[in-house]
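Below is one structure, written out as structure tokens, with a few remarks after it.
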Amino acid sequence: MKNIILGVTGSVAAYKAADIANNLTKKGYNVEVIMTGSAREFITPLTFQSLTKNKVYYDMFEEITPKDIKHISLARKADLCLIAPASANIIGKLANGIADDMLSTVVMAMNNVPVYICPAMNTNMYINPIVQRNIKTLTEFGYHFIEPRESVLACGDLGTGALADVDKIVNTVEAHQWRA
Ligand SMILES: Cc1cc2nc3c(=O)[nH]c(=O)nc-3n(C[C@H](O)[C@H](O)[C@H](O)COP(=O)(O)O)c2cc1C
């Protein structure tokens, strides 16, 4: 069974991550969800726990298993990492080597794990040259992006920044060429 880390960050689109977690679990993946503090303002860990049947992680310092440093063991056993929705903030942190919460630290601790990032944000945030530079940096380091759609966004603006369709995200994970 493949282990997928699903990172969820602080966006209105966080509710769609529940669908992603549900679809991937039903397709036979072991999905371990890591939420940022902001993500928990939008959706509760209980939703993901109920759908994935796994504990949801968000507090790096809650070391419940003394024999195990959780951010390292999660990173080590991951076959793939999907961040959906990915905020401008997490993209900026990953592009700049910041590891100040469970999600950014687990991703930092991964070695040769494919990472798929699904940005979701207001259009002006998405086209901000700093965000675009961060996306370019991560792309150059081998991170994959599943591009946002154009839509009427939660803020009322029409533009690019809506999370890619759940089906597209799930299909992209399924189409991943796993290492032998
Ligand atoms: C109602 C609301 C919606 C938001 N939606 C987004 C969003 O879609 N994308 C984004 O990058 N930030 C969004 N933000 C701002 C982020 O939550 C904020 O930058 C936060 O620091 C991100 O933290 P995280 O990356 O640790 O989850 C939103 C904030 C609020 C209050």
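On a predicted model such as this, the values are computed, not experimentally measured, just so you know. Atoms within each ligand, like the ligands themselves, are counted from 1 in listed order. Note that the numbering runs from 1 along the sequence shown for the chain.
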Legend entry - Closest to atom 13 (C) of ligand 1 (judged by heavy-atom distance), picking from Ser11, Gly10, Ser87: Gly10
Inset, instruction - Tell me which part of Thr36 gets within contact of ligand 1: side chain, backbone, both or neither, using heavy atoms under 4.0 Å. - result: side chain
Legend entry - Distance from atom 11 (O) of ligand 1 to nearest protein heavy atom, with residue and atom: Ala88 N, 2.8 Å
Legend entry - Full working for salt bridge (Lys or Arg N to Asp or Glu O under 4.0 Å) between Glu174 and Lys2: CA-CA 11 Å; Glu174 285 207 285; Lys2 297 289 184 194; over 6 Å; no
Legend entry - Heavy-atom closest pair, residues Asn122 and Cys155: ND2-SG, 3.3 Å
Legend entry - Short N or O distance, Lys93 and ligand 1, threshold 3.5 Å exclusive: no
Inset, instruction - For Ala120 and ligand 1, answer yes if some heavy atom of the residue is under 4.0 Å from a ligand atom, otherwise no. - result: yes
Inset, instruction - Just jot down the ligand 1 atoms closer than 4.0 angstrom to any heavy atom of Phe42, in number order. - result: 1 (C), 2 (C), 3 (C), 4 (C), 30 (C)
Legend entry - atom 23 (O) of ligand 1: the protein heavy-atom neighbour that sits closest, reported with distance to 0.1 Å: Ser38 OG, 3.0 Å
Inset, instruction - List the atom of Met108, the atom of Ile98, and the distance in Å for their closest heavy-atom pair. - result: CE-N, 4.0 Å
Inset, instruction - State plainly whether one hydrophobic cluster holds both Leu163 and Leu24, where clusters connect Ile, Leu, Val, Met, Phe, Trp and Tyr through side-chain heavy atoms under 4.5 angstrom apart. - result: yes
Inset, instruction - Among all protein heavy atoms, pick the one closest to atom 19 (O) of ligand 1 and tell me residue, atom and distance. - result: Asn89 CB, 4.3 Å
Inset, instruction - Could you walk me through whether Asp101 and Thr36 pass side chain to side chain donor-acceptor pair (under 3.5 Å), step by step? - result: CA-CA 7 Å; Asp101 64 4; Thr36 64; 5.4 Å; no
Inset, instruction - Over all heavy atoms of both residues, which pair between Ala17 and Val8 is shortest? Give the atoms and the distance, please. - result: CB-CG2, 3.8 Å
Inset, instruction - Taking only heavy atoms of Val12 into account, list the atoms of ligand 1 that are under 4.0 Å away from them. - result: 3 (C), 5 (N)
Inset, instruction - Give a yes or no on whether the ring-centroid distance for Tyr116 and His176 is below 6.0 angstrom. - result: yes
Inset, instruction - Enumerate the atoms of ligand 1 whose separation from the nearest heavy atom of Ile90 is less than 4.0 angstrom. - result: 25 (O)
Legend entry - Nitrogen or oxygen of Asp101 less than 3.5 angstrom from that of ligand 1: no
Legend entry - Point-to-point distance, once rounded to the nearest 0.5 Å, from NZ of Lys168 to CD1 of Ile146: 7.5 Å
Legend entry - For ligand 1, the portion of Met125 having any non-hydrogen atom under 4.0 Å away: side chain
